[in-house]
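In what follows, a structure is listed as structure tokens, so that the remarks can point back to it.
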Amino acid sequence: MHARILLALEALQREGALPEGLDFANVEVSPPREAAHGDLASNAALVLAKQAKMKPRDIADRLAEKMKAVPEVAAVEVAGAGFLNLRFHPSFWHGVVAAVLKDGTSFGRADLGKGERINVEFVSANPTGPMHVGHTRGAVFGDALAKLLQFTGYAVTSEYYINDAGAQVDALARSAYLRYREALGEDIGQIPEGLYPGDYVKPVGQALAKEHGSALLNYPEERWLPLVREMAIAAMLAEIKGDLAALNIQHEVFFSERSLTAGTDQVRETIEELRGKGLVFEGRLEKPKGHDDGEWEDREQTLFRSTDFGDDVDRALMKSDGSYTYFAADMAYHRNKLARGFKTLINVFGADHAGYITRMKAAVAALSDGKAALDIKVCQLVKLFRAGEPVRMSKRAGTFVTLREVVDEVGRDPVRFMMLYRKNDAPLDFDMAKVLEQSKDNPVFYVQYAHARAKSVFRNAQAAFPGLTENSPQVLGADLARLDDAGELDLIRRLAAYPVLVQSAARAHEPHRLAFYLYDLASAFHAQWTRGNDSPHLRFIQPEDGSLTAARLALIGAVANVVASGLALLGGMARDEMG
RNA sequence: GGCCCCGUAGCUCAGUGGAUAGAGCACCUGAUUCCUAAUCAGGGGGUCGCAGGUUCAAGUCCUGCCGGGGUCGCCA
């Protein structure tokens, strides 16, 4: 319809009713917030008034005349300051139902990305233990975003950056070595400060004992550490992959930080490349404020000139012991992504890494000479509740709740849905009791139930009309003109909005919009169902009227289709029955 | 102190620069005890934190304040 408006505007130009050389870029066509304003509204006259040096209403009137000639358009009116409101013939809406049924779960698919490659990095939790509930949100968000972008025409690579090179994994290795000695019968006492006390390290120790016997006891640390570390990381990574699988998440690429320096030293290359651009230098930093641990040592160090890109201070690339900082390695990692041909990068961060955004964007701008885009989505904290009571967690006391515990308790689909039922940058309360409630208060149930209810209608229809199934010719070829109730047309309008919504969610990198849409669609469907209580003629199954029943079942089939499609994009499964 | 995020109904939150700012919960009123599967309809309730600016048009974009949270060399 947008194209039709542009055509009409061009026609007006040819006729001399509008001046030449207008910029139509800001002309939009969208469903108005207020249903009374019609099915679609355009701001064309408002946008063009100044350029054309005409009154908005004059432009709108001329445009309205043109639009009346468009076949699907039933009515055109000029309203407000100069809005053009369009109304469609019912046949237009009936076509939407047919389109949904024809396209199935690919209804709403788009080609926004035109096949462009895009990299989505998410989770990237340290391989030092199982994932806890805090990681869950970023994991679900990243995965849903990847699916959404895939659905809208991007070639998405989902990626996990393994921090397997720092001091953390050495601490993990030492913890595993202790557990190894324990497995050989030694009393290791308390796990020292700085190491990982969790029980999940025990199996690694046992596996080491099984594989090496007591041989490692006689090795010096520089000999056993790499061995133990490799095994421990592999074990933790397997654990993490299992946790992710429980959420139905599979990254395509697991990228090892260690691999950056394994062959050619890509971190060194990155630093030298930036030095060549004049963006790396030797200098001093001022002591940071708000933190007085007395260990501050003023020294000359290798710095990245991130202040050129809006950062507060330049960032250190080398530690005092001569090794690379985490940031230096991360720069090399992003350089690697760029070298693999990605022009658009998305990183999903936890709230505690928000302070890292500016320097990371600076890095990508510097490395790509401003030609690549990095979008960083920050997921705020999740507060865990059980029946209204906050669940207390302390990492120090080892009482943190793992991702696996939550998934085991409430199930994968509720976790995924609720993690997306908030905008990513707003904090989220997650109540493990509430998501299992079977009531309207629980959005998960409400949406799933809409789908189950639709399926149930089909099952019930069998009594009066055997063979009237979802894919039957009666339903697919139903006389959709029979759909003339206001509630039915409202449902169809919502279905028609799905492709637009999917695209705006993809463009904004905001999958939560989909969750809210599904809730609204489910709500409209339940409302229509309930109207049948008071008004039997609105019930979906009309035993005396097969043609009407077929048309309504077609509508219901279309609703179920879109609910299933939307849930799939969020990473959940539609259910045919509520258990 | 610097930076980032948030501030919208009593509460929890939606709101691709568009018209009279929405939903759920809670509250009030009413309908239903039938039916296809787990109610539904209506109502009250708002200075969109404050003040400027950009725009034909600002909850939305920009700047400055206020309030809440997070974060602040070499950890990751």
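Predicted model only: the values in this text are computed from it and were never measured. Each chain gets a letter, A, B and so on, in the order the sequences are listed, and its residues count up from 1.
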Across the strands shown, which category fits A:Ala461 at heavy-atom distances under 4.0 angstrom: base, sugar-phosphate, nothing? nothing
A:Arg315 CZ to A:Leu303 CG distance, which is reported to the nearest 0.5 Å: 10.5 Å
Below 4.0 Å: OP1/OP2 of B:G73 and any side-chain N or O of A:Lys319: no
Quick one: does NZ or CZ of A:Arg453 land under 6.0 Å from the six-membered ring centre of A:Phe525, within 45 degrees of the ring axis? no
Sequence neighbours left out, what passes side chain to side chain donor-acceptor pair (under 3.5 Å) with A:Arg62? Give chain and number order. none
Between B:G45 and B:G2, how far is it from one C1' atom to the other, in whole Å? 41 Å
Taking side-chain hydrogen bond (donor to acceptor under 3.5 Å, both in side chains) as the cut-off, I'd like each qualifying pair that reaches into residues 41-52 of chain A, sequence neighbours left out, listed once. none
How close or far is atom C1' of B:U36 from atom NE2 of A:His537, stated in whole angstroms? 16 Å
Of the nucleotides B:G18, B:C40, B:G73, which one has an atom closest to the side chain of A:Val47? B:G18
Does A:Asn85 get its side chain close enough to the base of B:A19, under 3.5 Å, for a donor-acceptor pair? yes
Could you verify whether a donor N or O on one side chain and an acceptor N or O on the other, from A:Ser323 and A:Asp321, lie under 3.5 Å apart? yes
Runs of at least three consecutive Watson-Crick or G-U pairs, both distances under 3.5 Å, are what I'm after; which ones involve RNA chain B? B:1-7 with B:66-72, B:10-13 with B:22-25, B:27-31 with B:39-43, B:49-53 with B:61-65
Sequence neighbours excluded, which residues qualify as side chain to side chain donor-acceptor pair (under 3.5 Å) partners of A:Arg109? none
So A:His526 and A:Tyr449, would you call those rings parallel, tilted or perpendicular, with 30° and 60° as cut-offs? parallel
The answer to which of A:Gln168 and A:Ser42 contacts RNA chain B further toward the 5' end, by nearest nucleotide, is A:Ser42
Can you say whether the rings of A:Tyr356 and A:Tyr326 are parallel (under 30°), tilted (30 to 60°) or perpendicular (over 60°)? tilted
Mind checking the P distance from B:G44 to B:A23? Whole angstroms is fine. 11 Å
So, is A:Lys455 near the phosphate of B:U36, with a side-chain N or O under 4.0 Å from OP1 or OP2? no
Taking the six-membered ring for Trp and the full ring for Phe, Tyr or His, determine whether the centres of A:Tyr446 and A:Tyr519 are under 6.0 Å apart. yes
Mind checking the P distance from B:G53 to B:C72? Whole angstroms is fine. 39 Å
From CD of A:Glu28 across to C1' of B:G18 the rounded distance in Å is 9 Å
Among B:A37, B:U39, B:C13, the nucleotide that comes nearest once only the side chain of A:Thr530 is considered: B:U39
For B:G49 versus B:U39, give the span between their P atoms, rounded off to a whole number of Å. 35 Å
Whole-Å gap separating C1' (B:G73) and CZ (A:Phe304): 16 Å
Quick note, A:Ala316 side chain, CB onward, closest among B:G73, B:C56, B:A76 is B:G73
Would you call A:Asp431-A:Arg386 a salt bridge at under 4.0 Å N-O? no
C1' atoms of B:C75 and B:G17, separation to the nearest Å: 43 Å
Kindly write out the residues that satisfy ring-ring contact (aromatic ring centres under 6.0 Å, His included) with A:Tyr196, not counting sequence neighbours, or none if the list is empty. none
Any N/O pairs under 3.5 Å between the protein and nucleotides 41-45 of chain B? List them or say none.
none

Give A:Ala49 one of three labels, base, sugar-phosphate or nothing, depending on what nucleic acid heavy atoms sit under 4.0 Å from its own. nothing
Whole-Å distance separating the OH atom of A:Tyr517 from the P atom of B:C13: 25 Å
Tell me whether A:Arg459 at atom CZ has more than 12 heavy atoms from other residues, nucleotides or ligands lying less than 6.0 Å away. yes
Taking side chain to side chain donor-acceptor pair (under 3.5 Å) as the definition, give me every residue that meets it alongside A:Glu577, ordered by chain and number, with sequence neighbours left out. none
Report the distance from atom CD of A:Glu437 to atom C1' of B:G24, rounded to the nearest whole Å. 13 Å
Taking for each residue the nucleotide of RNA chain B bearing the nearest heavy atom, is the 5' side occupied by A:Phe516 or by A:Asp321? A:Phe516
Give a yes or no on whether a donor-acceptor pair under 3.5 Å exists between the nucleobase atoms of B:C74, that is its base, and the side chain of A:Ser320. yes
Under 5.5 Å between ring centres and under 30° between planes: does that hold for A:Tyr449 against the base of B:A38? no
Nearest to the side chain of A:Tyr519 - B:A14, B:A19, B:A23? B:A23
The side chain of A:Thr325 lies closest to which of these nucleotides: B:C75, B:A37, B:C56? B:C75
Partners meeting ring-ring contact (aromatic ring centres under 6.0 Å, His included) with A:Phe458 (sequence neighbours left out): none
Take atom CG of A:Asp170 and atom C1' of B:A76, then tell me their distance rounded to the nearest Å. 13 Å
Extract from the structure each pairing of a protein N or O with an N or O of nucleotides 2-7 of chain B at less than 3.5 Å, listing the distance.
unit_1	atom_1	unit_2	atom_2	d
B:C5	O2'	A:Asp425	O	3.1
B:C6	OP1	A:Asp425	OD2	3.4

Grab the CD-P distance between A:Gln528 and B:C35 for me, whole Å please. 20 Å
When you check the gap from the basic side-chain N to the acidic O, do A:Lys337 and A:Glu159 get nearer than 4.0 Å? no
Go through B:C40, B:A37, B:U71 for me and flag the one nearest to the A:Arg453 side chain. B:A37
What are the residues of residues 497-514 of chain A, sorted by number, that bring a heavy atom to within less than 4.0 Å of RNA chain B? A:His512, A:Arg513
Under 3.5 Å, N/O pairs linking protein and nucleotides 27-34 of chain B:
none

Quick one, A:Gln528 and A:Phe540 - any side-chain contact, counting heavy atoms below 4.5 Å? yes
Between B:U20 and B:G59 - P atom distance, rounded Å: 11 Å
From CG of A:Asn442 over to P of B:A38, roughly how many Å is that when rounded to an integer? 16 Å
Give each protein N/O atom lying under 3.5 Å from an N/O atom of nucleotides 57-62 of chain B, with the pair distance.
unit_1	atom_1	unit_2	atom_2	d
B:G59	O6	A:Arg33	NH1	3.2

Distance alone, cut at 3.5 Å: any donor-acceptor contact between the side chains of A:Asp311 and A:Thr358? no
Would you call A:Lys361 and A:Phe309 a side-chain contact if the rule is heavy atoms closer than 4.5 Å? no
Could you label the plane-to-plane angle of the A:Tyr161 and A:Tyr333 rings as parallel, tilted or perpendicular, counting under 30° as parallel and over 60° as perpendicular? parallel
Would you tell me whether A:Asn347 and A:His334 have side-chain atoms, one donor and one acceptor, within less than 3.5 Å of each other? yes
Rounded to the nearest 0.5 Å, what's the gap from CZ on A:Phe417 to CG on A:Leu514? Could you check? 8.5 Å
